Structure formats: C-alpha cells, structure tokens
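Here the structure is a predicted model, which is why all the values come from computation and not from measurement. Excluded from the calculations below are hydrogen atoms, water molecules and symmetry mates; all remaining heavy atoms, backbone and side chain alike, are included.
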Amino acid sequence: MGLLRYTIVRLLQAIPVLIGVSIITFALANLAPGDPVRLMLAGAEVDEELVRQIEAQYGLDRPLHERYLTYMEGLVQGDLGYSIHRDRPVADLVAQRLGPTLLLVLSAYAFAVVTAIPLGILAAKRRNEAADHVSRIVALFGVSTPSFWIGIMLIIVFAIQLGWLPAAGLVYPWLGPEGYDWIDTWPELLYQTVRHLLLPTIALGTLQMATLMRVERTQMVDSLHAEHVKLARAYGVPERTILRKHAFRPAQLPIVTIVGLNLSTALGGAVLIEYVFDIPGLGRLFFEAIQGLDYQLIVGVTMIIATVFVIGVVITDISYAYIDPRVTYGERE
C-alpha cells in the first residue's frame, strides 16, 4: 500500500471517530444546565418575548436532533456555526485563536524532544551513575508537578524577581505588535517572540520532556544490551557508530508514539498555560465558551482540536514506517 493511499485510508477511518466526538460534544453542551440566551442578556432586564425571539433566531427552540443535523449539514460545507455571544462566525474566531495555540504547543514539543532525547541517551550511557540519578529526579519533578504551577513559579522568578523575561502576552513571528514595521524589524520581532514564548514553552513542555526522557533512557538501555549490538562490539565496531546506527534508531519508535498520542494532552494543558500567561489562544476561547454556554463555539473548538489530534495520529503512523523499515503501510513483514 503506497503512502498516499495509506494516508487517505487512515483519514477515512477517522471520520466515524469525529462523528462520535461531534455527537457527544453537541449533546453534552446542549444538555448542560443553564440558558445561553439568559447568560447573554445577564445584567439587563430579561424580556421573555426577546428571549423567545433570540432562541428562534439561532434555532435554540428546535428539538436537539434537528439542531444537530442542521449543524452537521453546515459542518460538511465548512461552516462551524455562529457564536451567539460574540455575534461572529465560529470559523473566524477559531482562525484568530488557533495560531497562538499551535505556536505554543509546537514550541513546547520542540523543547521537550530537543532536551529529552540527549538527556535520555546520556542517562542510558551513564546508567546508575550520577547523571542517571539526576535525570530520574528531574523526570519525577516534571511528571508530578502541575504545568500551571511551574508557569507561576517561572513568572515569579524570571519575570518579577529577575525581570529578564515578560510575564504575559505573546508576540507572533508573523504579526508584530501594533506600530512595528515587520520588514525593518524582523530580527527584533523574532527576538521578542522568543522572549515571550520561552516561559510558557518550558511550563507546558516540562511534562512531555520528563516523560520522553525516561522512555528514551529505558529504550536506549534495552538497545545497548541487544544481541546485535553485542555482536557489533565483538567485531570491534566503534561505540559511537553502535550508538548512532544500531541502538538509537530502534529506540525512537516509542518516542514517536508518545509524541503523537500526547498531542491531546498538550492541547489540554495549553488551556491553563494560556490563562497563566494571558495568551489569547484556542484554550482560552474554549474556556470562555463553556462559561457562556456558547454551544456552537464549544462544538466548533472541540471539532478542531479532535481533527488536529487525528492528523497527529496519522502522522505518527506514517513516521513509524519511516523509522522502522520492517513496518510497511498497514502491514508487517
């Protein structure tokens, strides 16, 4: 099975999953206690006739299954619905907030992978030595400490006490702050992006880094003690060549799996980190939609997150075939 056909098959298999997510999310959002129209009119004198008019305008007076079918009909055509609280199409709101969230999540993943793999290899080579013990302590701290707490501590130390980095906000590399001339100041723009992104990246990526580091360490220990590696040593193959050619590559399969499957965890963690660092991303938008019972917005954001997760899983499967030549697209030899 070729790569293109395999990718298409995997994406088609994801359709029932996305339909299931839409049904559950739509039902839970609409059956939750509370009235979005009355929440929207909070603070004003509630006119029952006005409430009924708004409900009819947005179809909230229709049975749940009719509203769901109408929503899915629009979704197939690329219409994510309309936010009743913000009076804007959901697609516009998502497009506006998706960039900061993806920038945060991808930078956190880059931080986790770049730090975890060399540290995991070092811990495996120095097994039961000081470096291994230190990596175990760092991993235990990263796994057991909430990301929002790490974020708050980073703000206190590096933003408030030392004043080295900003405590809130985000500067986008594709869009400078108001008043910036992108062409003339792109080095400054990139510098400011990194400064604003550094603390939330570390806060969100620490958990992923700790998990990947311990898995990398365990897999490298197994690889370095495999029979084919012992045979290579017996033939006098240099240790650096053994590490690079015979031990490193097989040890990366679990790393690829964890990176792909933990994407949803990172997106969920981004909600809290965006609040701690005042980043206007998709997570904050989702949280605000839940507070206001903005049904269309809740379902729209959920569908986008679910779709990103499914694409991540498909990319993970394709990466398997690239890393391990024994794995073909859909079959094992």
When you check the side-chain N and O atoms of Arg62 and Thr70, is any donor under 3.5 Å from an acceptor?
yes
Give, for atom CG of Leu18 and atom CZ of Phe309, the distance between the pair rounded to the nearest 0.5 Å.
11.0 Å
Just verifying a value: how many Å separate Leu197 CG and Leu103 CG, rounded to the nearest 0.5 Å?
5.0 Å
Are Arg284 and Ile279 side-chain neighbours, meaning at least one heavy-atom pair lies under 4.5 Å?
no
Hey, is the main chain of Leu122 close enough, under 3.5 Å, to the side chain of Arg217 for a donor-acceptor pair?
no
What pair of heavy atoms forms the shortest contact from Ala203 to Ser147, and how long is it?
O-CB, 3.4 Å
Can you get from Leu106 to Val308 by hopping between Ile, Leu, Val, Met, Phe, Trp and Tyr side chains that sit under 4.5 Å apart?
no
Can you check whether Gly283's main-chain N or O pairs, donor with acceptor, with Glu274's side chain at less than 3.5 Å?
yes
Can you name the closest pair of heavy atoms from Asp79 and Gly81 and give their distance?
OD1-N, 2.9 Å
Would you say the side chain of Arg88 lies within less than 4.5 Å of the side chain of Leu297, judging by non-hydrogen atoms?
no
Answer yes or no: are there more than 12 heavy-atom neighbours, outside Glu73 itself, under 6.0 Å from its atom CD?
no
Test your reading of the model: is there a side-chain donor-acceptor pair from Thr101 to the backbone of Leu282, 3.5 Å cut-off?
yes
Any side-chain heavy atom of Thr25 sitting closer than 4.5 Å to one from Met303?
no
When you measure from the side chain of Ser107 to the backbone of Leu104, do you find a donor-acceptor pair of N or O atoms at a distance under 3.5 Å?
yes
With rounding to the nearest 0.5 Å, note down the distance linking CD1 in Ile155 to CG in Leu199.
7.0 Å
Heavy atoms of Phe286 and Ile298 approach each other most closely as CE1-O, 3.7 Å
Aromatic plane relationship, Phe26 with Tyr71 - under 30° parallel, 30 to 60° tilted, over 60° perpendicular:
tilted
For the atom pair CZ (Phe277) and CG (Leu154), what is the distance rounded to the nearest 0.5 Å?
6.0 Å
Could you tell me whether the side chain of Arg136 reaches within less than 4.5 Å of the side chain of Leu140, counting heavy atoms only?
no
When you measure from the side chain of Thr115 to the backbone N and O of Ala112, does any donor-acceptor pair fall under 3.5 Å?
yes
Do Leu207 and Phe148 share a hydrophobic cluster, counting only Ile, Leu, Val, Met, Phe, Trp and Tyr and linking them when any side-chain heavy atoms are less than 4.5 Å apart?
no
Do Ile304 and Ile290 share a hydrophobic cluster (ILVMFWY, side-chain heavy atoms under 4.5 Å, transitive)?
yes
Within a strict 4.5 Å, meaning less than it, do heavy atoms of the Leu204 and Phe111 side chains meet?
no
Applying the 4.5 Å side-chain criterion to the ILVMFWY set and letting contacts propagate, would Val105 and Val114 be lumped into a single cluster?
no
Do you know which two heavy atoms are closest between Ala116 and Met213, and how far apart they sit?
CB-N, 3.6 Å
Do the side chains of Val221 and Leu231 join up, straight or via other hydrophobic residues, at under 4.5 Å, putting them in one cluster?
no
Side-chain donor or acceptor of Ser223 paired with backbone N/O of Met220 under 3.5 Å
no
Just verifying a value: how many Å separate Tyr82 OH and Asp294 CG, rounded to the nearest 0.5 Å?
11.0 Å
Determine the minimum heavy-atom distance between Val310 and Ala14, stating which atoms define it.
CG1-CB, 3.1 Å
Can you tell me how far OG1 of Thr302 sits from CG of Leu80, rounded to the nearest 0.5 angstrom?
11.0 Å
Minimal heavy-atom distance between Pro166 and Arg195, with the atoms involved, is CD-O, 3.6 Å
Stepwise side chain to side chain contact (heavy atoms under 4.5 Å, CB included) test for Met209 and Val138:
CA-CA 10 Å; Met209 183 272 291; Val138 172; 4.2 Å; yes
